[in-house]
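In the text below, chain A, chain B and the rest are named by the order of the sequence lines, each starting its count at 1.
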Amino acid sequence: MRNAVGREIPEEIKGYGKTIPFKGVGKHIPSGRKASPPKKATYPTRTSKVVKSLEDVIKAVELKDGMSISFHHHLRNGDRVVLQVVEAIDKLGIKDITLVPTALFPTHRELEKYIRKGTISRIYGNINGPLGRAISKGVMEYPVVFRSHGGRARAIEDGDLHIDVAFIAAPAADHYGNLNGVMGPSSCGSLGYAFTDAMFADQVVAITDNLVDFPLTPISIPQIYVDYVVEVEHLGDPKGIVSGTTRITRDPMRLKIAKNAADLIEASGLLKDGFSFQTGAGGISLAVARFVREKMIEKKIKGSFGLGGITSYFVKMLEDGVFKTLFDVQCFDLEAVRSLLRNNEHVEISASFYANPHNAGCLVNKLDCVILGATEIDPSFNVNVNTEVDGALTHGTGGHSDTAAGSKLTIIVSPLIRGRIPTVVEKVLTVTTPGETIDAFVCEYGVAINPKRQDLLNRAKEAKLPIVSIEELLDKAIKLVGKPEPLRLKDQIIGVIEYRDGTVIDVVYGIEDES
Amino acid sequence: MRLRRTMMYVPGNNPGLMGSAGIFGADGIILDLEDSVSINEKDAARNLVKHFLLSHDFGKCEVTVRVNHIDTPYGLDDLREIVPCKPDGIRMPKCESAEEIKRIDELISEIEEKNGIEVGSVKLFAILETAKGVFNAYEIATASKRITALVFGAEDYTASMRTNRTKSGEELFYARSQIVLAARVAGVDALDTVFPDINDTEGLIEETKLIKQLGFDGKSVIHPNQIEPIHQVFTPAKEEVEKARRIIKAYKEAMERKSGVVALDGRMIDAPVVARAKRTLFLAGELTEEV
């Protein structure tokens, strides 16, 4: 079946089941009731939930072959929780586990060993880095399912994605299972991605390296959801969890792109009191934030909220009064962690609150402007952030398709050429985010506006922005670096890219193992 | 006439930098074969620059090439290879006398003729960077019709003057004044030296204000981040532009009435005021011809 972005989607995929092809944004309306976790009874006779080791807790939750376990990725590349848990499962001889992480990172490449042993048989979650390349080369029998942040929360709440046991890394916990992420040696800030897991998994295990006296405050995830608490020596390596500083690029080309993007935001007419904004932590994105901040201060604009992964730069904007509130699903640096702890206008939110399309209204719907990146973009403005130029599935979707769908103005920023690899291509290898939700592509050669946004195009013309068509950029890219040869891919589907509403927007095929 | 507020040096041996040089909004770029290219890379850089000139789109930039001086072992080959690619201009270092300029002019004419290029179409930007060159500024500026601008090079100049460069730049004051005066008399542009500290934007702005006040048309730059601050200094304020528009309007109306007297708001406007107004509109991008 061909879906609404022209991709051929099989009716059924082994290891995924029957598919619903992507129908277009807002076209798939769910029905029925939400999933719900089992009832539990805990009486005053149970005074502590602390179990002494990971193996003991795995026995206590009666984890069995074929069950699913989940993790959150706030510890990012510093995380040691996933591997500690999988090692313990392996020691107990349990097999055929489905891993449901929000995201995995390069540090999780060792999981390949447990995939090969049969401990792990499926992964329903985003993968960043070398493990994704191994999967592209065919290390798993069943495809990995990539979902956006909002899409994952939706899948769990809708009952598409069942979690038997959620393992929640908790930088601070008390013995009765109250948790937060803002204290202790492994502080990561917001625990937003884990909220849905805590509320919907059959059983919930908190893992901490910082067990404090009852009651822990502030409470991010309350004891009512948590069945067990395990103390370990370390959750991970703090250096990989958060970076001490966030730097704005000095690269003149990237600054030029950021300036073009900031000028487009200004030209759009959205930059006025009540403005809401999201950018990532990348060099160009932060530079856009800097230019936007300067414009807001100069024009005395009072913004409404900053959203998403929060950096020290957004904290500064909150403290300067540029934005009234920050909604934080993930902290990118220590300054953001500190701010979350001390500032009431810095609010920790769940992935569902952030971006789930199947609730009564998520925050991305209130977003004026988001700045996003791209690995590839094509003349239909479809964007790929999942697969590399060689076809390897090495990047998670993150909030890309969520914020693009919600935001009034979605701007993709990227150099036209990186090294000798073009960003604008005839057809993206993988569609992560549909072009109908992208308003503009901004690169060093100018601003390309989606033709469906004539209003924006007119405003950009009026503001004398350097306008180019996406086709002109494609020609330019071909002229500069030539036309890439088509990739040779295998027949095996190794990845399924789900759109946030649960439909399948694309599938990813395996690549040849040349090693 | 064209704007030459910023002309950016790009090393001729760096394809990455040459590839993106056109996107930063500089009025001109200078593909450099001289000081930024080491002796053992001279031929490779020359080749690379040649191919960039023939195949690359530098956008709206005026494209010049700084060659090696003709008395070096590379200068003649530079001209022979580069002139046929029809850059907008050749930037010649260490110019010191009218004879030298005439020699270069003849060489370029020969190459143009041989390659079927209209003789005189490749412009010359003369860099004055020695005591002698600065002293002879006027004769250099008038030695060839190709001369489009006198360009000051302060680093070598201060060495030749047995002094060194300071931030405040007292040691450059006479040379700058001499160059801008010679340029004005000869009817060519005057372009100032580079500001070497790429991280000191405030210092750059101060120096640009100074050279603008002295009468310079622009400045050489060594980093894309220097372009915007210089353009800001050279861009007239809104009120100035508005006033200039009214002066030109009054002037045109007076011309149409064939009236010798131009008045605005009850005050007489004389020729220098009109000239300044035209210059203001030119810098604001509203006039393509400076009169």
Closest non-hydrogen atoms of A:Arg250 and B:Asn199, given as atom of the first, atom of the second and distance, are NH2-OD1, 2.9 Å
Is it true that, when you exclude B:Lys86 itself, more than 12 heavy atoms of the residues, nucleotides or ligands shown sit nearer than 6.0 Å to its NZ?
no
Do other residues, nucleotides or ligands put more than 12 heavy atoms under 6.0 Å from A:Lys295 NZ?
yes
Under 4.5 Å to a heavy atom of chain A? For B:Leu17 that would be neither
- Item | Carboxylate-amine/guanidinium proximity below 4.0 Å for A:Lys479 and B:Asp57 | no
Does a sphere of radius 6.0 Å around CG in B:Leu54 hold more than 12 heavy atoms from other residues, nucleotides or ligands, not counting ones at 6.0 Å or beyond?
yes
CG of A:Asp251 to CG of B:Asn225, rounded to nearest 0.5 Å, is 8.5 Å
Here the pair of heavy atoms bringing B:Ser20 nearest to A:Met253 is CB-CE, 3.7 Å
Okay, A:Leu480 and chain B: the region with an atom under 4.5 Å from a heavy atom over there is side chain
Exercise. When you look at CZ of B:Arg246, are more than 12 heavy atoms from neighbouring residues, nucleotides or ligands closer to it than 6.0 Å?
Worked result: no
Is the number of heavy atoms from other residues, nucleotides or ligands under 6.0 Å of B:Lys252 NZ greater than 12? no
